[in-house]
Amino acid sequence: MSEYIEFTNEHGEKVQISREEYQKNVIPHQLHQYWDDKEALRQFAMQLVQDKFTTEAAQAADRLLELYGPIEGALVFRAVVHMQAGEFQRAKELLSTCIERFPASGTSYTNLAKIYAYEGAGEKAFETLEAGLMKEPNQENGLDWYVSHFQESNRRDELLQRLKVLAEREGAWRPQLILGRLFLQDGNLHKAMEFYRQAIERSGQMEDVVMKVTGELGQAQYVYQLIQIAEQYWQPTFQFPFAGFNYANALIVTEQKERAAEVLEAMEPHVREEYRPAVEKHLAQLTAGNAEPSEMEQPQQADSEKKPWWKRWK
(Lines give C-alpha, C1' and ligand atoms only; values in the text may rest on other atoms or scores of the structure.)
Protein backbone atom coordinates (compact mmCIF):
# COMPACT_ATOMS: atom_id res chain seq x y z
CA MET A 1 0.00 0.00 0.00
CA SER A 2 1.39 3.35 -1.04
CA GLU A 3 2.33 5.84 1.65
CA TYR A 4 0.96 8.65 -0.51
CA ILE A 5 -2.49 9.53 -1.78
CA GLU A 6 -3.21 11.37 -5.02
CA PHE A 7 -6.38 13.43 -5.11
CA THR A 8 -7.87 16.37 -6.96
CA ASN A 9 -7.96 19.51 -4.85
CA GLU A 10 -10.57 22.27 -4.89
CA HIS A 11 -8.72 24.00 -7.74
CA GLY A 12 -8.92 20.92 -9.95
CA GLU A 13 -5.22 20.14 -9.51
CA LYS A 14 -3.91 16.64 -8.86
CA VAL A 15 -1.69 16.60 -5.79
CA GLN A 16 0.07 13.94 -3.73
CA ILE A 17 0.28 14.00 0.04
CA SER A 18 1.08 11.46 2.72
CA ARG A 19 -1.63 9.09 3.89
CA GLU A 20 -1.36 10.57 7.37
CA GLU A 21 -1.90 14.12 6.17
CA TYR A 22 -4.72 13.03 3.87
CA GLN A 23 -6.44 11.19 6.72
CA LYS A 24 -6.01 14.09 9.13
CA ASN A 25 -6.77 17.09 6.93
CA VAL A 26 -8.51 16.07 3.71
CA ILE A 27 -10.92 13.28 4.65
CA PRO A 28 -12.76 15.19 7.41
CA HIS A 29 -13.20 18.15 5.09
CA GLN A 30 -14.50 15.98 2.26
CA LEU A 31 -16.87 14.07 4.54
CA HIS A 32 -18.28 17.35 5.82
CA GLN A 33 -18.59 18.70 2.28
CA TYR A 34 -20.40 15.62 0.93
CA TRP A 35 -22.39 14.72 4.05
CA ASP A 36 -25.77 15.65 2.57
CA ASP A 37 -24.92 14.87 -1.07
CA LYS A 38 -25.84 11.22 -1.62
CA GLU A 39 -24.05 10.65 -4.90
CA ALA A 40 -20.89 12.58 -4.05
CA LEU A 41 -20.66 10.83 -0.68
CA ARG A 42 -21.17 7.44 -2.32
CA GLN A 43 -18.32 8.05 -4.76
CA PHE A 44 -16.04 9.30 -1.99
CA ALA A 45 -16.94 6.37 0.25
CA MET A 46 -15.99 3.91 -2.48
CA GLN A 47 -12.63 5.65 -2.81
CA LEU A 48 -12.11 5.44 0.95
CA VAL A 49 -12.63 1.67 0.78
CA GLN A 50 -10.25 1.38 -2.15
CA ASP A 51 -7.60 3.35 -0.27
CA LYS A 52 -8.29 1.32 2.89
CA PHE A 53 -9.37 4.13 5.19
CA THR A 54 -11.74 1.75 6.91
CA THR A 55 -12.83 3.85 9.91
CA GLU A 56 -13.76 6.80 7.72
CA ALA A 57 -15.43 4.51 5.18
CA ALA A 58 -17.60 3.14 7.99
CA GLN A 59 -18.74 6.67 8.86
CA ALA A 60 -19.64 7.30 5.23
CA ALA A 61 -21.39 3.92 4.90
CA ASP A 62 -23.56 4.60 7.96
CA ARG A 63 -24.48 8.01 6.60
CA LEU A 64 -25.36 6.50 3.20
CA LEU A 65 -27.78 4.15 4.93
CA GLU A 66 -29.40 7.20 6.53
CA LEU A 67 -29.61 9.04 3.21
CA TYR A 68 -30.69 6.16 0.97
CA GLY A 69 -32.48 4.00 3.50
CA PRO A 70 -31.93 0.22 3.61
CA ILE A 71 -31.71 -0.26 -0.16
CA GLU A 72 -29.68 -3.09 -1.64
CA GLY A 73 -26.64 -1.04 -2.64
CA ALA A 74 -26.31 0.71 0.72
CA LEU A 75 -26.64 -2.55 2.65
CA VAL A 76 -24.07 -4.37 0.52
CA PHE A 77 -21.63 -1.48 0.76
CA ARG A 78 -21.95 -1.36 4.55
CA ALA A 79 -21.28 -5.12 4.65
CA VAL A 80 -18.18 -4.67 2.50
CA VAL A 81 -16.84 -2.07 4.93
CA HIS A 82 -17.50 -4.47 7.81
CA MET A 83 -15.52 -7.11 5.91
CA GLN A 84 -12.61 -4.74 5.36
CA ALA A 85 -12.60 -4.06 9.11
CA GLY A 86 -12.52 -7.78 9.86
CA GLU A 87 -16.06 -7.68 11.28
CA PHE A 88 -17.17 -10.77 9.40
CA GLN A 89 -20.07 -11.81 11.59
CA ARG A 90 -21.67 -8.38 11.32
CA ALA A 91 -21.11 -8.45 7.56
CA LYS A 92 -22.64 -11.92 7.31
CA GLU A 93 -25.72 -10.85 9.22
CA LEU A 94 -26.17 -7.77 7.06
CA LEU A 95 -25.74 -9.72 3.80
CA SER A 96 -28.22 -12.35 4.97
CA THR A 97 -30.70 -9.58 5.72
CA CYS A 98 -30.07 -8.11 2.30
CA ILE A 99 -30.72 -11.45 0.59
CA GLU A 100 -34.01 -11.81 2.50
CA ARG A 101 -35.12 -8.35 1.37
CA PHE A 102 -33.64 -8.53 -2.14
CA PRO A 103 -33.53 -12.18 -3.26
CA ALA A 104 -32.14 -11.22 -6.68
CA SER A 105 -29.07 -9.50 -5.18
CA GLY A 106 -26.20 -11.42 -6.74
CA THR A 107 -23.59 -9.17 -5.16
CA SER A 108 -24.92 -10.09 -1.71
CA TYR A 109 -24.33 -13.77 -2.47
CA THR A 110 -20.86 -13.09 -3.86
CA ASN A 111 -19.76 -11.14 -0.80
CA LEU A 112 -21.25 -13.77 1.48
CA ALA A 113 -19.22 -16.35 -0.45
CA LYS A 114 -16.07 -14.39 0.37
CA ILE A 115 -16.84 -14.69 4.07
CA TYR A 116 -17.42 -18.45 3.78
CA ALA A 117 -14.09 -18.75 1.98
CA TYR A 118 -12.39 -16.78 4.76
CA GLU A 119 -13.94 -19.15 7.29
CA GLY A 120 -12.57 -22.14 5.39
CA ALA A 121 -15.93 -23.37 4.10
CA GLY A 122 -14.71 -23.76 0.54
CA GLU A 123 -17.56 -25.83 -0.87
CA LYS A 124 -20.19 -23.55 0.64
CA ALA A 125 -18.30 -20.53 -0.66
CA PHE A 126 -18.30 -21.91 -4.21
CA GLU A 127 -21.99 -22.80 -4.11
CA THR A 128 -22.86 -19.33 -2.84
CA LEU A 129 -20.64 -17.67 -5.44
CA GLU A 130 -22.28 -19.64 -8.25
CA ALA A 131 -25.75 -18.79 -6.90
CA GLY A 132 -24.80 -15.12 -6.99
CA LEU A 133 -23.53 -15.35 -10.57
CA MET A 134 -26.71 -17.10 -11.69
CA LYS A 135 -28.61 -14.07 -10.39
CA GLU A 136 -26.18 -11.43 -11.69
CA PRO A 137 -23.87 -13.00 -14.28
CA ASN A 138 -21.94 -9.84 -15.14
CA GLN A 139 -20.16 -9.41 -11.80
CA GLU A 140 -16.54 -8.84 -12.77
CA ASN A 141 -14.89 -9.73 -9.47
CA GLY A 142 -17.17 -12.70 -8.95
CA LEU A 143 -16.45 -14.07 -12.41
CA ASP A 144 -12.71 -13.59 -12.00
CA TRP A 145 -12.87 -15.63 -8.79
CA TYR A 146 -15.08 -18.23 -10.46
CA VAL A 147 -12.68 -18.64 -13.40
CA SER A 148 -9.67 -18.89 -11.08
CA HIS A 149 -11.41 -21.65 -9.11
CA PHE A 150 -11.52 -23.90 -12.16
CA GLN A 151 -8.20 -22.89 -13.66
CA GLU A 152 -6.30 -23.58 -10.46
CA SER A 153 -7.61 -27.16 -10.47
CA ASN A 154 -7.06 -27.61 -14.25
CA ARG A 155 -10.78 -28.07 -14.97
CA ARG A 156 -10.92 -25.99 -18.13
CA ASP A 157 -13.57 -28.04 -19.95
CA GLU A 158 -15.90 -27.79 -16.96
CA LEU A 159 -15.24 -24.06 -16.77
CA LEU A 160 -16.26 -23.62 -20.41
CA GLN A 161 -19.48 -25.53 -19.86
CA ARG A 162 -20.41 -23.58 -16.75
CA LEU A 163 -19.63 -20.25 -18.41
CA LYS A 164 -21.92 -21.23 -21.29
CA VAL A 165 -24.69 -21.83 -18.76
CA LEU A 166 -24.09 -18.38 -17.25
CA ALA A 167 -24.05 -16.88 -20.74
CA GLU A 168 -27.64 -18.06 -21.19
CA ARG A 169 -28.86 -15.99 -18.25
CA GLU A 170 -30.96 -12.96 -19.07
CA GLY A 171 -28.81 -9.89 -19.69
CA ALA A 172 -25.52 -11.82 -19.53
CA TRP A 173 -22.60 -10.49 -21.56
CA ARG A 174 -19.47 -10.77 -19.40
CA PRO A 175 -19.45 -14.60 -19.46
CA GLN A 176 -19.38 -14.34 -23.26
CA LEU A 177 -16.41 -11.98 -23.04
CA ILE A 178 -14.50 -14.49 -20.93
CA LEU A 179 -15.47 -17.34 -23.25
CA GLY A 180 -14.13 -15.34 -26.18
CA ARG A 181 -10.85 -14.81 -24.31
CA LEU A 182 -10.53 -18.50 -23.43
CA PHE A 183 -11.23 -19.69 -26.98
CA LEU A 184 -8.73 -17.14 -28.27
CA GLN A 185 -6.11 -18.62 -25.95
CA ASP A 186 -6.96 -22.05 -27.36
CA GLY A 187 -6.45 -20.81 -30.91
CA ASN A 188 -10.12 -21.32 -31.79
CA LEU A 189 -10.58 -17.99 -33.54
CA HIS A 190 -14.02 -18.80 -34.95
CA LYS A 191 -15.52 -19.48 -31.50
CA ALA A 192 -13.63 -16.55 -29.97
CA MET A 193 -15.11 -14.12 -32.51
CA GLU A 194 -18.57 -15.59 -32.01
CA PHE A 195 -18.51 -14.99 -28.27
CA TYR A 196 -16.79 -11.60 -28.58
CA ARG A 197 -19.59 -10.41 -30.85
CA GLN A 198 -22.19 -11.74 -28.45
CA ALA A 199 -20.52 -9.90 -25.56
CA ILE A 200 -20.52 -6.59 -27.44
CA GLU A 201 -24.05 -6.87 -28.73
CA ARG A 202 -25.61 -8.11 -25.50
CA SER A 203 -23.83 -5.39 -23.52
CA GLY A 204 -25.42 -2.75 -25.72
CA GLN A 205 -22.07 -2.28 -27.51
CA MET A 206 -20.59 -0.75 -24.37
CA GLU A 207 -17.48 1.21 -25.15
CA ASP A 208 -15.28 -0.60 -22.66
CA VAL A 209 -16.28 -4.00 -24.11
CA VAL A 210 -15.23 -2.91 -27.60
CA MET A 211 -11.97 -1.71 -26.07
CA LYS A 212 -11.41 -5.03 -24.29
CA VAL A 213 -12.13 -7.09 -27.37
CA THR A 214 -9.96 -5.05 -29.73
CA GLY A 215 -7.18 -5.01 -27.15
CA GLU A 216 -7.22 -8.78 -26.69
CA LEU A 217 -7.27 -9.40 -30.43
CA GLY A 218 -4.41 -6.98 -30.89
CA GLN A 219 -2.29 -8.56 -28.18
CA ALA A 220 -2.85 -11.93 -29.85
CA GLN A 221 -1.80 -10.37 -33.19
CA TYR A 222 -5.15 -11.01 -34.89
CA VAL A 223 -5.12 -7.59 -36.52
CA TYR A 224 -7.54 -8.36 -39.36
CA GLN A 225 -10.12 -9.68 -36.89
CA LEU A 226 -9.54 -6.57 -34.78
CA ILE A 227 -10.31 -4.44 -37.82
CA GLN A 228 -13.50 -6.43 -38.45
CA ILE A 229 -14.71 -5.82 -34.89
CA ALA A 230 -13.79 -2.13 -35.04
CA GLU A 231 -15.52 -1.62 -38.38
CA GLN A 232 -18.67 -3.19 -36.97
CA TYR A 233 -18.81 -1.72 -33.47
CA TRP A 234 -16.34 1.13 -32.93
CA GLN A 235 -17.82 4.61 -32.88
CA PRO A 236 -15.83 7.85 -33.29
CA THR A 237 -18.07 9.31 -30.58
CA PHE A 238 -16.57 7.07 -27.89
CA GLN A 239 -15.39 9.30 -25.04
CA PHE A 240 -12.17 7.34 -24.47
CA PRO A 241 -9.59 6.94 -27.27
CA PHE A 242 -8.34 3.43 -26.52
CA ALA A 243 -10.53 1.37 -28.84
CA GLY A 244 -9.83 3.90 -31.58
CA PHE A 245 -6.09 3.62 -30.95
CA ASN A 246 -6.35 -0.15 -31.23
CA TYR A 247 -8.19 0.28 -34.52
CA ALA A 248 -5.64 2.77 -35.85
CA ASN A 249 -2.75 0.56 -34.76
CA ALA A 250 -4.20 -2.41 -36.62
CA LEU A 251 -4.64 -0.30 -39.74
CA ILE A 252 -1.02 0.85 -39.54
CA VAL A 253 0.20 -2.74 -39.15
CA THR A 254 -1.75 -3.71 -42.27
CA GLU A 255 -0.32 -0.77 -44.28
CA GLN A 256 -3.52 1.28 -44.22
CA LYS A 257 -2.15 4.52 -42.80
CA GLU A 258 -4.63 6.77 -44.61
CA ARG A 259 -7.53 4.95 -42.99
CA ALA A 260 -5.74 5.12 -39.64
CA ALA A 261 -5.49 8.89 -40.01
CA GLU A 262 -9.21 9.05 -40.83
CA VAL A 263 -9.99 7.14 -37.62
CA LEU A 264 -7.91 9.52 -35.52
CA GLU A 265 -9.42 12.57 -37.21
CA ALA A 266 -12.95 11.28 -36.67
CA MET A 267 -12.45 10.58 -32.95
CA GLU A 268 -10.48 13.71 -32.05
CA PRO A 269 -13.49 16.07 -31.57
CA HIS A 270 -15.38 13.54 -29.42
CA VAL A 271 -12.88 12.14 -26.91
CA ARG A 272 -12.73 13.61 -23.45
CA GLU A 273 -10.74 16.80 -23.34
CA GLU A 274 -7.83 15.37 -21.38
CA TYR A 275 -7.18 12.77 -24.12
CA ARG A 276 -7.28 15.10 -27.11
CA PRO A 277 -3.57 16.03 -26.97
CA ALA A 278 -2.68 12.32 -27.23
CA VAL A 279 -4.95 11.88 -30.26
CA GLU A 280 -3.46 15.00 -31.87
CA LYS A 281 0.06 13.72 -31.18
CA HIS A 282 -0.65 10.35 -32.78
CA LEU A 283 -2.28 12.01 -35.77
CA ALA A 284 0.70 14.35 -36.22
CA GLN A 285 3.09 11.39 -36.08
CA LEU A 286 1.04 9.54 -38.64
CA THR A 287 0.68 12.39 -41.10
CA ALA A 288 4.41 13.10 -40.75
CA GLY A 289 5.01 9.57 -41.93
CA ASN A 290 6.91 8.33 -38.88
CA ALA A 291 4.20 6.62 -36.83
CA GLU A 292 4.69 3.00 -35.92
CA PRO A 293 2.42 1.06 -33.54
CA SER A 294 5.12 0.68 -30.92
CA GLU A 295 5.60 4.46 -30.90
CA MET A 296 1.93 5.26 -30.35
CA GLU A 297 2.17 5.65 -26.60
CA GLN A 298 -1.09 5.30 -24.71
CA PRO A 299 -2.24 8.20 -22.51
CA GLN A 300 -1.49 7.83 -18.83
CA GLN A 301 -4.19 6.05 -16.85
CA ALA A 302 -5.29 7.05 -13.39
CA ASP A 303 -2.93 4.53 -11.82
CA SER A 304 -0.03 5.75 -14.00
CA GLU A 305 0.62 2.17 -15.00
CA LYS A 306 2.38 1.62 -18.32
CA LYS A 307 0.28 -0.44 -20.68
CA PRO A 308 1.17 -2.32 -23.86
CA TRP A 309 0.20 -0.56 -27.04
CA TRP A 310 -2.81 -2.82 -27.50
CA LYS A 311 -5.06 -1.37 -24.83
CA ARG A 312 -7.33 -3.60 -22.81
CA TRP A 313 -8.89 -3.12 -19.42
CA LYS A 314 -9.72 -5.99 -17.12
Side-chain angles (χ1 to χ4, degrees), residues 133 137-140 142-169 171-236 238 240-260 262-264 266-267 291-294 296 298 307-314:
L133 290 173
N138 298 322
Q139 298 179 67
E140 185 171 11
L143 275 171
D144 287 345
W145 182 15
Y146 193 69
V147 170
S148 296
H149 171 81
F150 288 99
Q151 289 181 329
E152 288 170 1
S153 53
N154 296 314
R155 295 153 60 195
R156 189 179 181 85
D157 290 342
E158 185 179 353
L159 169 62
L160 293 175
Q161 292 305 314
R162 290 188 183 239
L163 285 173
K164 288 177 182 177
V165 172
L166 289 176
E168 294 298 320
R169 304 297 293 177
W173 60 265
R174 197 178 291 277
Q176 288 90 327
L177 179 65
I178 296 174
L179 282 164
R181 185 180 304 155
L182 292 173
F183 279 114
L184 191 70
Q185 292 170 359
D186 289 342
N188 190 335
L189 187 58
H190 175 75
K191 294 297 289 185
M193 293 292 284
E194 176 187 337
F195 281 110
Y196 277 148
R197 284 192 169 94
Q198 287 182 24
I200 295 171
E201 291 171 3
R202 294 190 62 167
S203 70
Q205 301 185 22
M206 285 169 51
E207 178 176 347
D208 63 329
V209 183
V210 177
M211 178 175 59
K212 286 182 175 74
V213 170
T214 56
E216 291 175 9
L217 289 168
Q219 287 181 333
Q221 301 302 308
Y222 289 114
V223 291
Y224 289 102
Q225 288 73 21
L226 189 164
I227 291 170
Q228 289 175 13
I229 290 292
E231 287 177 343
Q232 188 171 0
Y233 301 110
W234 175 79
Q235 298 292 329
F238 285 170
F240 294 99
F242 308 115
F245 284 158
N246 289 337
Y247 186 14
N249 280 327
L251 291 169
I252 293 170
V253 169
T254 55
E255 302 297 330
Q256 301 179 75
K257 292 188 177 181
E258 288 186 5
R259 285 182 63 195
E262 291 172 359
V263 167
L264 295 173
M267 62 193 275
E292 297 295 335
S294 60
M296 292 182 67
Q298 294 289 347
K307 300 290 185 182
W309 57 278
W310 297 114
K311 183 70 179 77
R312 56 184 285 265
W313 284 352
K314 292 185 179 180

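Just so it is clear, the values below take in all heavy atoms, side chains as well, and ignore hydrogens, waters and symmetry mates.
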Fill in: Pair D186 + K191, salt bridge at N-O below 4.0 Å
no
Worksheet item: For the residue pair R202 and G171, what are the closest heavy atoms and their distance?
Response: NH2-N, 3.6 Å
Worksheet item: Okay, side chain of N138, backbone of R174: is any donor-acceptor separation there less than 3.5 Å?
Response: yes
Item to complete: State the CD-OH distance between E216 and Y222, to the nearest 0.5 angstrom.
Response: 13.0 Å
Fill in: Exercise: identify the closest heavy-atom pair between Y233 and F238
O-CZ, 3.7 Å
Practice prompt. State the CG-OH distance between L189 and Y196, to the nearest 0.5 angstrom.
Written response: 9.5 Å
Discussion item. Nearest 0.5 Å, please: how far is OG1 in T254 from CD1 in I227?
Written reply: 3.5 Å
Worksheet item: Looking at CG of L159 and CG of L182, how far apart are the two atoms once the value is rounded to the nearest 0.5 Å?
Response: 5.5 Å
Fill in: L177 CG to I200 CD1 distance, which is reported to the nearest 0.5 Å
8.5 Å
Worksheet item: Any idea which heavy atoms bring A243 and V210 closest together, and the distance?
Response: CB-CG1, 4.2 Å
Response to the item:
Sorted by chain and number, sequence neighbours left out, ring pair (Phe, Tyr, Trp, His ring centres under 6.0 Å) with F150 holds for F126, Y146
Practice prompt. Could you tell me which residues satisfy side-chain contact (heavy atoms from CB on, under 4.5 Å) with Q161, sequence neighbours excluded, listed by chain and number?
Written response: K164
Fill in: Smallest separation among heavy atoms of P137 and L166, with atom names
CB-O, 4.0 Å
Response to the item:
Closest non-hydrogen contact found for V209 with S203 is CG2-OG, 3.8 Å
Worksheet item: Can M193 and L217 be said to form a side-chain contact (heavy atoms from CB on, under 4.5 Å), step by step?
Response: CA-CA 9 Å; M193 293 292 284; L217 289 168; 4.1 Å; yes
Worksheet item: Are R162 and E158 within salt-bridge range, i.e. N to O under 4.0 Å?
Response: yes
Item to complete: Quick one: do L179 and E194 satisfy side-chain contact (heavy atoms from CB on, under 4.5 Å)? Show the steps, please.
Response: CA-CA 9 Å; L179 282 164; E194 176 187 337; over 6 Å; no
Worksheet item: Which class fits the ring pair Y247 and W234: parallel under 30°, tilted 30 to 60°, perpendicular over 60°?
Response: perpendicular
Worksheet item: For the side-chain contact (heavy atoms from CB on, under 4.5 Å) test, which of V165, L143, V147 pairs with P175?
Response: L143
Fill in: Non-hydrogen atoms of A248 and A260 that approach each other most closely
O-CB, 3.7 Å
Response to the item:
In this structure, CZ of R197 is separated from CD of Q232 (nearest 0.5 Å) by 5.0 Å
